[in-house]
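Worksheet: one structure, shown below.
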Amino acid sequence: MNTPFTKRDAGETLAADRTVDARGVAMLAKLGLAAACALGLAACVTPQERHAMDQGQCYEFGVEPGTDAFAQCTMDLHQQRALTQANRDLYWQSQFAAQTRRREAQQDLYKQISLQRSGDPRFPVCGAASDGGMDRRTMTWFGPNCRAR
């Protein structure tokens, strides 16, 4: 333990210091895990709970329950959440489409490179182990580091 009477050289750590550091890291890991679990459980809300939360939100806005304005408020919150989800879905669909286009462009480039290297003995013949793939139209293998037959 590091007391005022313990002498140590600069940069030297004692076993007690390492134990305290390990406990701190373990505590941070536990807190992180607890936070992740809490966030995961917070996402699990039933439709009835969500409706009650919407009603509470409208009540906090100052709208009286049982009025047309209250019903409009809860409906607006529901529609806003549905619109947000639709926008999120569109975003991920566009990301997936962009990823697919990039992958196809890369495969086209690999096909061109393989064809340009055709007959060059410095490169191995493309096969199933190649990083590229198989051109289903011509039934030939292609890849970035090999040549077509």
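The figures here come from the full heavy-atom set of this structure, side chains too, leaving out hydrogens, waters and symmetry mates. Nothing fancy with the numbering, it's 1 onward along the sequence.
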Show the numbers, then the answer: is there a side-chain contact (heavy atoms from CB on, under 4.5 Å) between Asp54 and Arg81?
CA-CA 10 Å; Asp54 288 348; Arg81 194 171 30 264; 2.6 Å; yes

side-chain contact (heavy atoms from CB on, under 4.5 Å) assessment of Arg149 paired with Thr140:
CA-CA 8 Å; Arg149 290 186 186 252; Thr140 56; over 6 Å; no

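Separating the CG atom in Asp108 from the CD1 atom in Ile113 is a distance of 11.0 Å, to the nearest 0.5 Å. Atoms CZ and OH, on Phe96 and Tyr91 in that order, are 14.5 Å from each other to the nearest 0.5 Å. In this structure, CD on Glu64 lies 12.0 Å from SG on Cys58, to the nearest 0.5 angstrom. Here CG of Leu83 is found 10.5 Å from CZ of Arg88. Values are rounded to the nearest 0.5 Å. Rounded to the nearest 0.5 angstrom, Gln79 CD and Thr74 OG1 are separated by 9.5 Å. One distance of note links CE of Met75 with CG of Leu77; it measures 10.5 Å at 0.5 Å rounding.
Leu109 and Phe142 are members of different hydrophobic clusters when ILVMFWY side chains are connected at heavy-atom separations under 4.5 Å. Criterion: ILVMFWY side-chain heavy atoms under 4.5 Å apart, direct or through other members. Under it, Leu90 and Trp92 are not part of a common hydrophobic cluster.
Using modelled atom types, one finds a donor on one side chain and an acceptor on the other under 3.5 Å when comparing Gln85 with Asp89. No side-chain donor from either of Gln55 and Tyr59 sits under 3.5 Å from a side-chain acceptor of the other. Side-chain atoms of Asn87 and Thr84 include no donor-acceptor pair closer than 3.5 Å.
Shown here for Phe123 and Asn145, the closest heavy-atom pair between the two residues is CD2-O, 4.2 Å. Cys146 approaches Val125 most closely through the heavy-atom pair CB-C, 4.2 Å. The heavy-atom pair separating Gly132 from Gln107 by the smallest distance is O-NE2, 4.2 Å.
Without hydrogens or angle criteria, Arg117 side chain to Pro144 main chain gives a donor-acceptor distance under 3.5 Å. Side-chain atoms of Glu49 come within 3.5 Å of backbone N or O of Thr46 as a donor-acceptor pair. Ser130 places no side-chain N or O within 3.5 Å of a backbone atom of Cys126 that could act as its donor or acceptor partner. Listed for the Ser114 side chain is a donor-acceptor partner under 3.5 Å among the backbone atoms of Gly143.
Salt-bridge check for Arg147 with Asp120: failed, with every basic side-chain N at 4.0 Å or more from each acidic carboxylate O.
Residues Met134 and Arg136 form a side-chain contact, since some pair of their non-hydrogen atoms from C-beta on lies under 4.5 Å apart. Residues Gln72 and Thr67 have side chains not in contact (no heavy-atom distance under 4.5 Å, counting atoms from C-beta outward).
Enclosure of atom CG in Asp76 by more than 12 non-hydrogen atoms of other residues, nucleotides or ligands within 6.0 angstrom is indicated.
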